[in-house]
Amino acid sequence: LNEKLLFEHSDAGRKGYSLPRLDVPPARLPAALVREEVSGFPELSEVDVVRHFTRLSTWNYGVDSGFYPLGSCTMKYNPKVNEVAARTPGMAAAHPSTPDHLSQGALALMHDLQEALAEISGFPAVTLQPAAGAHGELAGMLMIRAWHEAQGNSRKKVLIPDTAHGTNPATAALCGYEVVPIASDGVLSAAAVAAAMGGEVAALMITNPNTLGLFEAQIREICQIIHDGGGLVYCDGANLNALMGIARPGDMGIDVMHFNLHKTFSTPHGGGGPGSGPVGVTAVLAPFLPVPVVVEEQGTYRLEVDRPLSIGRMKAFGGHFGIMVRAWAYIRSMGGEGLKRASEMAVLNANYIRARLEGTYHLPYTARSLHEVVFSDRDLGGNCHTLDLAKRLIDYGYHPPTIYFPLVVKGAIMIEPTETESKEVIDEFCDAMLSIAAEAGENPDLLHQAPKKTRVGRMDETGAARKPRLKWEK
Amino acid sequence: LNEKLLFEHSDAGRKGYSLPRLDVPPARLPAALVREEVSGFPELSEVDVVRHFTRLSTWNYGVDSGFYPLGSCTMKYNPKVNEVAARTPGMAAAHPSTPDHLSQGALALMHDLQEALAEISGFPAVTLQPAAGAHGELAGMLMIRAWHEAQGNSRKKVLIPDTAHGTNPATAALCGYEVVPIASDGVLSAAAVAAAMGGEVAALMITNPNTLGLFEAQIREICQIIHDGGGLVYCDGANLNALMGIARPGDMGIDVMHFNLHKTFSTPHGGGGPGSGPVGVTAVLAPFLPVPVVVEEQGTYRLEVDRPLSIGRMKAFGGHFGIMVRAWAYIRSMGGEGLKRASEMAVLNANYIRARLEGTYHLPYTARSLHEVVFSDRDLGGNCHTLDLAKRLIDYGYHPPTIYFPLVVKGAIMIEPTETESKEVIDEFCDAMLSIAAEAGENPDLLHQAPKKTRVGRMDETGAARKPRLKWEK
Amino acid sequence: MRYIPHTAEDVRQMLETVGVTSVDDLFAEIPSSLRLRRSLALGEPLAESELLKKIRRLAAQNATADTHASFLGGGAYNHFIPAVIDQLISRSEFYTAYTPYQPEISQGTLQAIYEYQTLICQLTGMDAANASMYDGASGCAEAVLMAVRATGRRRILLSSALHPEYLATVRTYCRYLDLDLIEVPCDAGGGTDGAALLRLLDDRTAALVSGYPNFFGVIEDLSAQAAAVHAVGGRLVTVVQEPIALGLLKSPGELGADIVVGEGQSFGIPLSYGGPYLGFFAVRQGDIRSMPGRLVGQTCDREGRRGFVLTLATREQHIRREKATSNICSNQGLCALMATIYLALLGKAGIREVAGHNLAKAEYAKGKIAALPGFSLPLSGTTFNEFVVEADEGAAVVLERLEKEGILGGIPLQRYFAGMDKRFLVCVTEQNSREEIDALVSALAGGKQ
Amino acid sequence: MRYIPHTAEDVRQMLETVGVTSVDDLFAEIPSSLRLRRSLALGEPLAESELLKKIRRLAAQNATADTHASFLGGGAYNHFIPAVIDQLISRSEFYTAYTPYQPEISQGTLQAIYEYQTLICQLTGMDAANASMYDGASGCAEAVLMAVRATGRRRILLSSALHPEYLATVRTYCRYLDLDLIEVPCDAGGGTDGAALLRLLDDRTAALVSGYPNFFGVIEDLSAQAAAVHAVGGRLVTVVQEPIALGLLKSPGELGADIVVGEGQSFGIPLSYGGPYLGFFAVRQGDIRSMPGRLVGQTCDREGRRGFVLTLATREQHIRREKATSNICSNQGLCALMATIYLALLGKAGIREVAGHNLAKAEYAKGKIAALPGFSLPLSGTTFNEFVVEADEGAAVVLERLEKEGILGGIPLQRYFAGMDKRFLVCVTEQNSREEIDALVSALAGGKQ
């Protein structure tokens, strides 16, 4: 089925909305302020709108459609009861400016979540305000800079390993920092860090386990070097799903870390958002947390805003509360042992995939994997590349892995299965991967022409960027 | 994507359900009463179950997927707010044995719905208990028989026109009646009824508008003949969507009629049910209504069960309350004028389809159509039949019309568009119908091989019936 | 009008194509004397926000397990409903579809029903199940009719420990079919009296119909009943009004039942003040073609791919008309889907565990109540999750007292049985916490404990 | 464990394939000294039923428009949300998907965002909109950064009538970027002071940032501000915290704005105690490549079929790293979808009608309150659906009194502005009935009317 744009369905006079009869006298604005109409706006009945979006949805692929092994994105199952929890009227309809004493349920939940994240990560203080991982990074790096400034110290450099997410350098830049890349050999060595450290260096930004799915085994030594040099260590928490109940970043010497509630804590990705990116910090950094912070005193909760050293606000209001409710529901449903089991099974799944594919696909880094595994397209035959493999997987009914990232692996294929996938699902996926590798040698056109079973084929992305068409016009 | 059966996914030890820790001592039944296990039951995690049914759903076609012109089924849009209304906790969680004084909200809604149906149909008394149209028919015919018996009158025959739904004769048989068919010529003539009427005839069962979409214009005279002969008239209310606010069956001389809340009143069909089949009757028949009946006294509502002439219960409890909530929400959302507009636009849509297709498709009965129109496959070329047309429509993205019914039309194609379809949708459908008629002449294989775009093609139905496989076995 | 898309211009163009000048002309075949010359008195249309306000106001006038501690059972049960079910049945491909007449675009519904049929067979121990009936009561009536068809006999023995509303429904269905409906009394345990049964059984008997558990919560001796009724050539119809019990109890099929019907509401279907619920219906292999209702069967398409279709439709009304096995022409499709999802989530271990919790909670409550002065458990039979309590001071007084403490204490049996004014039926499920049960006991005792 | 499917046998087989003997061995690379040697102290897992009980108990401790008559606005608005929205966004293909990196299986998300971008352009009168930002406040901060990039200037004038939390967010984002942030005071009408603005503008000025309507509900004179800021070569950044107003008001684009950002929560997104909301962001044609955030563009596939893709990604962090226009690497996908559905349902007529109701209700309330002794409306500017009230007895006292009568009367301005202890901000939307407004007025008067 094809589906036109909303605007192409429109017919003058239709409406899919109803208002009660106006029970007060009508009012007018001064004519000079008033527009004619919202030109171009669609006019549709309710059934038009419902069919339109129902049809659009069928062109999408979600976690509920099938296996979604997007590396570094932790596409785990999103429990349905969490959706119910977030929609509980007393939660979903609460206005953010309601007085604290009439918001005790919301505040209690936030406080409980802060405490749970602190326990999981080993950081004594947590802010829930940041809206997403990158936003949490920004908050974290601003706190690091604020701490340095509070010491009268204006260091200007940040060390970032070559395996880092692109947000890390972008965030450092937003804090007025200059980025100094460090080469790793899959795992960062304390020696490399020691060589790069100096009096100008404010911080190191690290991801652990890193984007190759490898544990930064020298993390303790690395933190020690940075600390000894007067710097702080930021950890990108995107890969926390490997570590829950196993090891805590706060115990490793790290000073700041953000959480991705939409990865580790099972909240839905929503087609690109909203996420939520709380940040945990050491006691030293706690005074710098953004406001508001939820504080408990004798069983009563309040939003504390008067914190003189705070970096300020990251956004309006207290953060993505609706996402917090879901994450809280997840943590309470799993319990401490359940979270540990989640990390264990996530790591087992990744290692099982690795074991099944290793002979066929090239594995550039061979240290033991944690929750994800990165292959390359080196050994694919028939002039087939990672992109072709990805598109062919679509025809097999799978969402492709993350591709061409991390940049340190040429033609990277980054697979993160998560713990919610059964052995059955993983086996079928591995079978497909092996079958595609065979096809690449025998019938490479199957890969080059893929996908064939989708509503549209490969798109002209170059054309899209060269002459951008960013909105519909008649 | 293929999808195995639940049982084929199963793996010993999985569970998608959780219970609180048992807070009382465990108990045991005498061992002789206890089974080993429920042999064969599946074992799945929550994500397994969610993916399974999500995938299955994508093989279905619903009203929200597109146009569903199934004649006599009134597949109108099912408003989303009605789903919310039915799920309101105070409604969805109410136990049917709650004392009346603690169920006033539910009872008030039922009473209000009874009154609204009475107003729409012109019948002074309404029961909401029957579970579906055929169940309402049964209740209605039992009341007719009970009335006769109460008069000491044991007539044994029921007149049924050849255009009737198959449920009509089946229902009459369940009431111990013998069925006497009457031939109509599209519309039933008073003369034919007069000729068939006699002292043995308990009732006439009629559908108005009938299954050809034609109004039974002599209905008043027909009712008079039946009444004069000592009989009663039952009306199948399946086609009420043509008449709301236009004319009322109760004003035509009809004695009993059932409603289909899942047709006329927009409640979802649910893949085959649940429906709801209230019945309206004249004052004379009111004492025979099934129990319970919702009664109001000075603003207080109660379920009345002590009605000595009642035919008894049609089922446990008060009926399909969840469906009643949806129908009530629909009626209140539309108001009196809105319901009339619905019937008007439903009839306009049917006549517009008729006008657009009449030159190409054979129209066996030419009286003015109301809410549906019946064509035949007589003029289809290439040895194509109604079934082929239906399957080809699937490839065009439509649900086929009702086919091979009513029986009086050979190769019937029965199209009911309903009022919720826009001119745009209807035009596209008519274009498809015309295009298929052309294909039948030019390339009949397109029809014979259809559908091609579905997950499975035409099924071996004969094989299925010859050697029934009605459950999965290892 | 948010549900009707026609603009004035659409209507103009369409009327022109039809060849009439006004919408009113479309109704020209309706005699003028029959036209309604006034507006329907149904009030102004409500905006969506007003409608929701109104329904919430009404809903607030109903007592439920959210507002009260509830011990109501008696054919409708307060079990936990996992959130997954509503999420999945709310997919419009399921709930806005019609009967799967076109199998090529209905495989979702068809496969789910096939799975449902399988689950019901596994649970009941029977060979085949239909796609569902309206509810337990009407399913029970259809079972009686089927037993009559299958045996050619016209005498039906009905246990008087069946749900009274099921009995009433059977009577309605059979009202004009010239059958002998005979009630079999109960024994002191609350089960069908075995001695009386033997007296009443004869070679004109088509069937014995009894509950498992029965209306009083008592687990009947199905083996003995099966032996007795089979001895005279009749059928045993087993009615399961609380099928969670089958997670623990031996299946009726194993004990000799010939037709098993019941109420599936316990399987993830909201109480919803009485409906829609789910009648399940299962039979032995030899009786498949005389079973009422829809059936889904496995087959394959032209290319050999597995698929599912409605089958054996020759039994049904749209083909057989007055000779049909039943006049039913729908099934409880969406409710059957709910039950299928529910049972899939529970699985083999879950159904047993839930049943175990129900039993344990009810036994705990029984023990506490039996120990209270002024209260007794008058029936000695083994029960599952509900049981009859007798109160010296009278059921009505006691229940009213409980109500004042926010407890819906049970169903007064006087509602169904004249003279049982001291008895009420108490149901305890996995949803009732120990705290709630203790509060019930304490309130029964007059709050003086 | 309902979310983890591994059985003991699965684990055994998988470990064997991996070639280790225990799950613990998988973590061998983690130094033993870093291993957590105890269980996480997070308590027992809750069953689904317990979880729901717990969340409901918490939810009952929050006051909302369901429990109180609410006149809270100030950047988050109580508008009606049609049921359709939740039904559609609950389709798992939408909400469980990730960023549409693979366009062939993401056309649903991509087309919806393209429609969203179009709707935002139509509403704001701008040429291009991105796929959304976190919220209005962070969008406002990004707009400041963009103005700095686009002009190469470092001086920013911020209206002091902007939402105080937006101002605070701008300050946080700019904290270490060496910019001059200067506040422009308000005039007596409650708008940005025009004379002060002219004094502060100079050729180092990158942008003026002002609200429309502003935090006090007042409709600013955008034309004059645009003329003034353009005269010195700067940009006008318009911040719309209540975009329902754009159903009636001239679009910022028409009045000369260069960058329009705002909060889209009003468009069908639940209040949800402050988030997730929706930052919209729109610019003129020439600025597209310096805009932050994701963009969806139209293109076609190899066979010429129309389709949509993420485009102009060269601006973004995963390609440009430290040179990116922003560090944002997500959008508010699902919230943008809600807004798209909301606006599609309202359409051209609906958005105007809703805006008209808001205006009418607020004007009605203003008239009644202005007439009360002891109360005044201190600002003379034209407002849309919120306005400032001054109470002689002090805002805190008044609001506390209202609270006791079940009314959330408004936001005390003392919370943000020292010395404004008599003022509070009252918001009236289409959700407030006349009855509620009258009750507010009566309660303000001390209930003595």
Side-chain angles (χ1 to χ4, degrees), chain A residues 16-17 23-24 27 35 40-41 43 53 56-57 59-64 85 88 90 92-96 102 104-106 131 134 166 169-171 173 176 215 247 268-274 312-313 315-318 320-322 335-336 351-352 422-423 454 456-457 464 469-472, chain D residues 5 10 14 18 29 40 42 45 55 58-59 61-64 72 88 91-93 95-99 104-105 107-109 118 122 134 137 165 168 172 176 250 270 272-276 297-299 301 307 311 317-318 321-322 324 327 329-330 332-334 345 347-348 350 360 363-364 434:
Chain A
Y17 184 84
D23 58 1
V24 298
R35 78 199 290 169
F41 249 38
E43 299 178 79
F53 290 101
L56 287 191
S57 77
W59 303 341
N60 261 15
Y61 186 103
V63 170
D64 289 0
T88 310
H95 190 286
L102 295 177
Q104 289 295 299
T171 300
F215 189 78
H269 283 75
R313 293 195 152 270
K315 65 186 296 296
F317 311 123
H320 284 178
F321 179 75
N351 279 280
Y352 182 69
S422 64
K423 176 171 183 294
T454 48
V456 291
R469 293 184 61 182
L470 306 179
K471 64 174 178 176
W472 174 85
Chain D
D10 289 340
M14 293 170 84
V18 172
E29 302 281 320
L40 291 172
L42 295 171
I55 195 95
L58 287 172
Q61 295 170 42
N62 297 331
T64 70
L72 300 177
L88 290 171
R91 287 188 61 85
S92 59
E93 294 92 335
Y95 84 90
T96 75
Y98 195 61
T99 302
E104 299 89 346
I105 47 175
Q107 286 296 305
T109 294
T118 303
Q122 291 168 342
Y134 305 131
E165 300 196 5
T172 303
Y176 300 114
K250 279 193 171 141
S272 195
Y273 201 57
Q298 181 181 319
T299 185
D301 73 359
T311 191
Q317 28 63 37
H318 52 279
R321 300 178 80 91
E322 66 266 32
N327 85 326
C329 119
S330 59
Q332 299 288 94
L334 207 66
L345 288 168
K348 200 184 272 185
E363 288 299 315
Y364 175 78
R434 179 180 195 143

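Naming: A, B, ... by sequence-line order, numbering from 1 per chain.
A316(A) and A137(D) make their closest contact through N-CB, 3.4 Å (heavy atoms, listed as atom of the first residue, atom of the second, distance). Between G322(A) and P276(D), the shortest heavy-atom distance links the atoms N-CD, 3.8 Å. Nearest heavy atoms, P274(A) versus L334(D): CD-CB, 3.9 Å.
Proximity of a side-chain donor or acceptor of T96(D) to a complementary backbone N or O of V63(A) within less than 3.5 Å is detected. Q122(D) places a side-chain N or O within 3.5 Å of a backbone atom of G40(A) that can act as its donor or acceptor partner. Side-chain atoms of T118(D) come within 3.5 Å of backbone N or O of W472(A) as a donor-acceptor pair. At least one donor-acceptor pair under 3.5 Å links the side chain of N60(A) to the backbone N or O of E93(D). In this structure a side-chain-to-backbone donor-acceptor pair under 3.5 Å is present from D23(A) to R434(D). At distances below 3.5 Å, at least one donor-acceptor pair connects side-chain atoms of N62(D) with backbone N or O atoms of A106(A).
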Q.
For Q107(D) and V456(A): C-alpha separation, side-chain torsions, deciding distance, then whether side-chain contact (heavy atoms from CB on, under 4.5 Å) applies.
A. CA-CA 8 Å; Q107(D) 286 296 305; V456(A) 291; 3.7 Å; yes
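Only the side chain of Y364(D) comes within contact range of chain A, with heavy atoms under 4.5 Å apart. With a threshold of 4.5 angstrom between heavy atoms, L88(D) approaches chain A through side-chain atoms but not through N, CA, C or O. At a 4.5 Å heavy-atom cutoff, the contact between F53(A) and chain D is made by backbone and side-chain atoms alike. Heavy-atom distances place the side chain of T88(A), and not its backbone, under 4.5 Å from chain D. Only the side chain of E363(D) comes within contact range of chain A, with heavy atoms under 4.5 Å apart.
Between atom CG of residue D64(A) and atom CZ of residue R91(D) there is a gap of 11.0 Å, rounded to the nearest 0.5 Å.
Counting heavy-atom neighbours within 6.0 Å of R35(A) CZ, excluding the residue itself, gives a total above 12.
Interface remark: of the candidates A464(A), A247(A), S422(A), A464(A) forms the most heavy-atom pairs closer than 4.5 Å to chain D. Among G270(A), G62(A), A27(A), the residue with the largest count of heavy-atom pairs under 4.5 Å with chain D is G270(A). In terms of non-hydrogen atom pairs under 4.5 Å with chain D, the most contact-rich of T454(A), L102(A), N351(A) is L102(A). Contact count versus chain D (heavy atoms, under 4.5 Å) is highest, among G176(A), G318(A), G336(A), G457(A), for G457(A).
Side-chain contact check for L470(A) versus T311(D): some heavy-atom pair is nearer than 4.5 Å.
With sequence neighbours left out, K423(A) forms a salt bridge (Lys or Arg N to Asp or Glu O under 4.0 Å) with D427(A). Contacts of R313(A) classified as salt bridge (Lys or Arg N to Asp or Glu O under 4.0 Å), with partners at least two apart in sequence or in another chain: E165(D).
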